[in-house]
Trainee: 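Pasting a structure here, questions to come.
A, B, ... follow the sequence lines: proteins, then strands. Residue 1 opens every chain. The figures here come from the full heavy-atom set of this structure, side chains too, leaving out hydrogens, waters and symmetry mates.
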Amino acid sequence: MSHPSTYEPKTGIERWLDSRLPIVRFSADILSFPTPRNLNYWYTFGGILSFCLVVQIVTGIVLAMHYDPSGTGAFLSVERGIMRDVNYGWLIRGIHANGASMFFVAVYLHILRGIYYGSYKAPREVLWLLGCVIYVLMMATAFMGYVLPWGQMSFWGAKVITNLIGALPLVGKPITTLLWGGFSVDDPTLNRFFSLHYLLPFVIAAVVALHVWALHVPGNNNPTGVNVKSDTDTVAFHPYYTVKDGFAITLFMIMFAVFVFYLPDALGKADNAIPANPLVTPAHIVPEWYLLPFYAILRAIPDKLIGVLALGGSIGMLFALPWIDRSHVKSMRYRPTARMYFFIWIVAVAFLGWCGSQEPDGKLIPGLESFNLIDYPINSVTWLSRFSALYYFGYFVIVFFLGLYEKPLPVPDSLYTPVLKPSAVAAPAE
Amino acid sequence: MAESLTQSVSDPANAVDPSRRDFIHIAATAAAAGGVVAVAWPLIDQLNPAADTLALATLEYDLSKVALGQEVTISWRKQPVFIRHRTPKEIADARAADHGQLKDPETDAARVKAGKEQWLILLASCTHLGCVPTFGGGDYAGWLCPCHGSVYDTSGRIRKGPAPKNLYVPDYAFLSDTKIKIG
Ligand code: HEM
Ligand code: FES
């Protein structure tokens, strides 16, 4: 912990423990951690994400008690056992299945928050990289979890995603065989995915611990991006942010509950209620919503290897961001040009997400005839994905040049001037 | 490195023989590295297909069950296989495209057995990412893959979309006029 410890053991037992395992001191220091006083609600998603991880682990361990990871048993153990026979099984699965989506809602807002306020910049690069690692692990975990109910979408999703790795030269095929344990996705695949799906959340928990550690060394960034300069810039994490995070978690739980109780299948696909059939691919296969933008990038490119590399590169861009953006101003509050390109980027990601859910030759504007550009009509989902994907990557090039040439607005000299003296902000910085 | 070695050898106060100590370091590190590899390999190789999975036998199939213009999908080594009884038009279409612009050039004749052009036996895995294409879709009267829109012609050759290769023709032989053995 980078701030000096203020913990004073009060009782004899605490003193005894403090000189042997200072765990109470450790917790007390986390609670008293000096936190910028101007954090807004976008900063509550860290707490919300921790909540999501605990929910997934608790419900997951319970599901694992009733789940049978075999090709013949998996579908029945979920759809009949857990959904119909196990007491409250429907509830626990509803929480776990929708919980994965909630987890991704939170992680996306958390990441966008980080980009907007420049939280990836020095000295928080390691913090940012660990966050990207968590995100990749989450995608792997959610993907393998989705395979477990062994429905049609589970099976074909597993097939397509494992085959993605097969596109890599030389190592691709052997790795795919290692994942499958056979000639195709089959029982051995399901078994090992279950084992890994159980393991990875605990790996995530460990990386989260590192992430929080890396947060507590430089401390939080804040909406102004201006560094904390004195004690008056901060308040103790508890009670100020425990209460703020708690309130946000409560609101989040309400939204979560609406899905679990009123729309339990809204985010799922009906095809997954059909048992896996290795001989028939569903007419329209799509991944879960949180993977759609990447899926659209993959489909946009007519070459298998380049498509797979672009998909990997789209996530790789996030890892590289701290070294792409050279601007010394962190927060986009003071970077109107960057902000504009960033908002367009969010729109491009949304377009990609929508395209990912549509048929590749589906029309954008129904009824409008259009000409063929290379292989698809210009009025097609494929071309919208191509333009959006181009912007997705182009954004990072733009950000690089903006960092060099953009003229930012004056930055306030302290993080609370915009709150206490709004008029002072408009004045140029000294 | 070499410098510091000679230095300490010539230094009488430092009487330990450095080359012997180096040897112990290198030997210990090498033994540990060897040990790690020796343990890692079984842990990785266990993921490869087990003997019972590999033992999946060949498959015999009676073609007389498939009427003209019909297609069946059967399972061979847990992989879907198409058996298509092609109509003369499908064969003619495929042959007409033999020298057209093909992404993965191959003649139709090379994909079927001579004298048995009506039987097209294909691994029903899209060479893009492995979905099972559906017959009758796409611009080439062959297969359309529902996953990312790859289009195959009536010879199972890739014509459009992200797939790089033609649908694979598995090893098979005619045992009699109407019976084949795959694998
Ligand atoms: C990062 C945390 C986790 C995420 C994002 C996650 C995600 C998922 C997803 C998306 C599904 C498919 C839900 C469905 O459609 O039914 C699933 C299923 C499952 N998960 Fe998890 N999971 C997590 C943690 C865990 C843990 C820690 C365990 C066990 C210890 C677990 C055990 C299971 C089991 C047994 C199933 C199959 C039953 C079912 O489909 O409902 N999960 N998980
Ligand atoms: S799997 Fe067939 S087009 Fe992608």
Side-chain angles (χ1 to χ4, degrees), chain A residues 71 155-167 174-189 191-192 195-196 277-287 295-296 298-308 356 359-362 374-376 380-382 385, chain B residues 41 43-56 59 71-83 101 103-104 123-139 143-151 158-165 168 170 182-183:
Chain A
F155 183 90
W156 290 100
K159 185 129 189 191
V160 166
I161 304 286
T162 49
N163 268 314
L164 278 180
I165 299 161
I175 295 181
T176 317
T177 311
L178 285 184
L179 288 173
W180 286 346
F183 300 105
S184 179
V185 172
D186 193 11
D187 264 53
T189 326
N191 264 282
R192 59 195 61 184
S195 170
L196 293 174
N277 178 355
L279 299 187
V280 182
T281 308
H284 187 43
I285 110 154
V286 281
Y295 189 65
L298 170 76
R299 285 199 312 193
I301 294 167
D303 180 272
K304 179 167 159 179
L305 179 60
I306 300 177
V308 172
E359 309 269 356
D361 47 5
I374 311 174
D375 51 354
Y376 280 95
S380 68
V381 167
T382 298
S385 346
Chain B
W41 178 243
L43 285 176
I44 294 171
D45 195 37
Q46 53 82 20
L47 289 170
N48 272 316
D52 57 341
T53 311
L54 289 172
L56 285 174
L59 181 78
E71 170 183 294
V72 296
T73 313
I74 60 175
S75 176
W76 168 65
R77 287 171 152 194
K78 305 266 182 172
Q79 287 167 292
V81 169
F82 285 148
I83 300 195
Q101 282 205 328
K103 200 165 173 183
D104 180 13
L123 216 55
S125 278
C126 178
T127 58
H128 183 225
L129 297 173
C131 293
V132 178
T134 30
F135 189 79
D139 309 340
W143 288 266
L144 170 70
C145 182
C147 291
H148 319 96
S150 287
V151 177
I158 179 67
R159 300 305 287 272
K160 187 172 147 180
K165 297 253 176 237
Y168 289 113
I182 306 177

Trainee: Shorter than 4.5 Å, heavy atoms on both sides: which option in A/Ile285, A/Ile306, A/Asp303 has the most such pairs with chain B?
Mentor: A/Ile285
Trainee: Given heavy-atom pairs under 4.5 angstrom as the criterion, report whether the side chain, backbone, both or neither of B/Ile74 touches chain A.
Mentor: backbone
Trainee: For chain A, which candidate among B/Gly161, B/Pro162, B/Ala163 shows the most heavy-atom pairs at distances under 4.5 Å?
Mentor: B/Pro162
Trainee: If you look at every heavy atom in A/Gly182 and B/Thr53, which pair is closest and at what distance?
Mentor: CA-CG2, 3.9 Å
Trainee: Measure A/Ile161 against the heavy atoms of chain B and call it side chain, backbone, both or neither at under 4.5 Å.
Mentor: neither
Trainee: Sort out for me which of A/Leu179, A/Leu298, A/Asp186, A/Leu305 touches chain B most, counting heavy-atom pairs under 4.5 Å.
Mentor: A/Asp186
Trainee: Quick one: of B/Gly130, B/Cys145, B/Pro133, who has the most non-hydrogen atom pairs under 4.5 Å with chain A?
Mentor: B/Gly130
Trainee: For the residue pair A/Ala283 and B/Pro146, what are the closest heavy atoms and their distance?
Mentor: O-CB, 3.1 Å
Trainee: Look up atom NZ in A/Lys304 and atom NE2 in B/His148, then write down how far apart they are to the nearest 0.5 Å.
Mentor: 11.0 Å
Trainee: Could you tell me whether a side-chain N or O of B/Arg77 sits under 3.5 Å from a main-chain N or O of A/Phe183, the two making a donor and an acceptor?
Mentor: no
Trainee: Just verifying a value: how many Å separate A/Thr177 OG1 and B/Asn48 CG, rounded to the nearest 0.5 Å?
Mentor: 6.5 Å
Trainee: Using a 4.5 angstrom heavy-atom cutoff, name the option from B/Gly149, B/Gly137, B/Cys147 with the most pairs to chain A.
Mentor: B/Cys147
Trainee: Let me know if B/Thr73 has heavy atoms under 4.5 Å from chain A in its side chain, its backbone, both or neither.
Mentor: both
Trainee: Given side chain to side chain contact (heavy atoms under 4.5 Å, CB included), test B/Leu129 with A/Leu164 step by step and report yes or no.
Mentor: CA-CA 6 Å; B/Leu129 297 173; A/Leu164 278 180; 3.6 Å; yes
Trainee: Less than 4.5 Å to any heavy atom of chain A: does that hold for the side chain of B/Lys78, its backbone, both, or neither?
Mentor: both
Trainee: Might you confirm whether atom NZ of B/Lys165 has over 12 heavy atoms from other residues, nucleotides or ligands at distances under 6.0 Å?
Mentor: no
Trainee: Could you measure the distance from the CD atom of B/Gln79 to the CG atom of A/Leu279? Nearest 0.5 Å is fine.
Mentor: 11.0 Å
Trainee: Looking at B/Ser150, B/Pro80, B/Ser125, which has the largest count of heavy-atom pairs under 4.5 Å with chain A?
Mentor: B/Pro80
